[in-house]
Amino acid sequence: QVQLVESGGGLVQPGGSLRLSCAASGSIFSIYNMGWYRQAPGKQRELIARITRDGSTDYVDSLKGRFIISKDNAKGTMYLQMNSLKPEDTAAYYCNLDRTSYTNYFSWGQGTQVTVSS
């Protein structure tokens, strides 16, 4: 059973930065294509960034240039560097399998809350 643990969220002012982490049991980051998702209040969970097992990355257009997805296979951790944060980035952030590559998900973690506010 794969366990996903997200961390690194918090309250940040507009224009600030945060780095989220996703720790997972096993060597999943070298085996699977993974993604970061976010869910804002009242909205559906959306895939915002993807990284393949080989390290190729992709983002939703609205986040290109501000967010960077990366991973460290040896540490079993995936990251999301978020820069120039905006109030509309406020959401709970989750990691899981890239839904464009697979039909199933691992069990969802608790997520990490990011609040962008002055």
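Leu20 places none of its side-chain heavy atoms less than 4.5 Å from the side chain of Met78. A heavy-atom distance below 4.5 Å is found between the side chains of Leu18 and Val114. The closest side-chain heavy-atom distance from Asp98 to Leu47 is below 4.5 Å. Using a 4.5 Å heavy-atom threshold, the side chains of Leu4 and Asn96 count as touching.
Other cluster members for Tyr79: none, since no ILVMFWY side-chain heavy atom sits under 4.5 Å from it.
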Residues 54-65, side-chain donor-acceptor partners within the protein, below 3.5 Å, at least two apart:
residue: Asp58; atom: OD2; partner: Arg50; partner atom: NH2; Å: 2.7
residue: Tyr59; atom: OH; partner: Ile69; partner atom: N; Å: 2.9
residue: Asp61; atom: OD1; partner: Lys64; partner atom: NZ; Å: 3.1

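Within the structure, side chain to side chain donor-acceptor pair (under 3.5 Å) pairs that include any residue of residues 4-32 comprise Ser17-Asn83 (at least two apart or interchain). Applying the salt bridge (Lys or Arg N to Asp or Glu O under 4.0 Å) definition to pairs two or more places apart or across chains, none involves residues 68-82. Residue pairs satisfying the side chain to side chain donor-acceptor pair (under 3.5 Å) criterion with at least one member in residues 103-112, sequence neighbours excluded, are listed as follows: Gln1-Ser107. Counting only residues at least two apart or on different chains, the side chain to side chain donor-acceptor pair (under 3.5 Å) pairs with a member in residues 34-48 are Arg38-Glu46, Arg38-Asp89, Arg38-Tyr93, Gln39-Arg45.
Residues Val12 and Ile48 share a hydrophobic cluster, clusters being chains of Ile/Leu/Val/Met/Phe/Trp/Tyr side chains in contact below 4.5 Å. Put simply, Ile68 and Tyr94 are part of two different groups of oily side chains (I, L, V, M, F, W, Y) that touch within less than 4.5 Å, one to the next.
Between Ser117 and Pro14, the closest heavy-atom pair is C-CD, 3.6 Å. When all heavy atoms are compared, the tightest approach of Phe29 to Cys22 is CZ-O, 3.5 Å. Across all non-hydrogen atoms, the minimal contact from Asn33 to Ser101 is ND2-OG, 3.1 Å.
In Arg66, the CZ atom is crowded: over 12 heavy atoms of neighbouring residues, nucleotides or ligands sit closer than 6.0 Å. Atom CD of Gln3 sits in a sparse spot, with 12 or fewer heavy atoms from other residues, nucleotides or ligands closer than 6.0 Å.
No option in Val2, Leu97, Asn73 other than Val2 meets the side-chain contact (heavy atoms from CB on, under 4.5 Å) test with Ile28.
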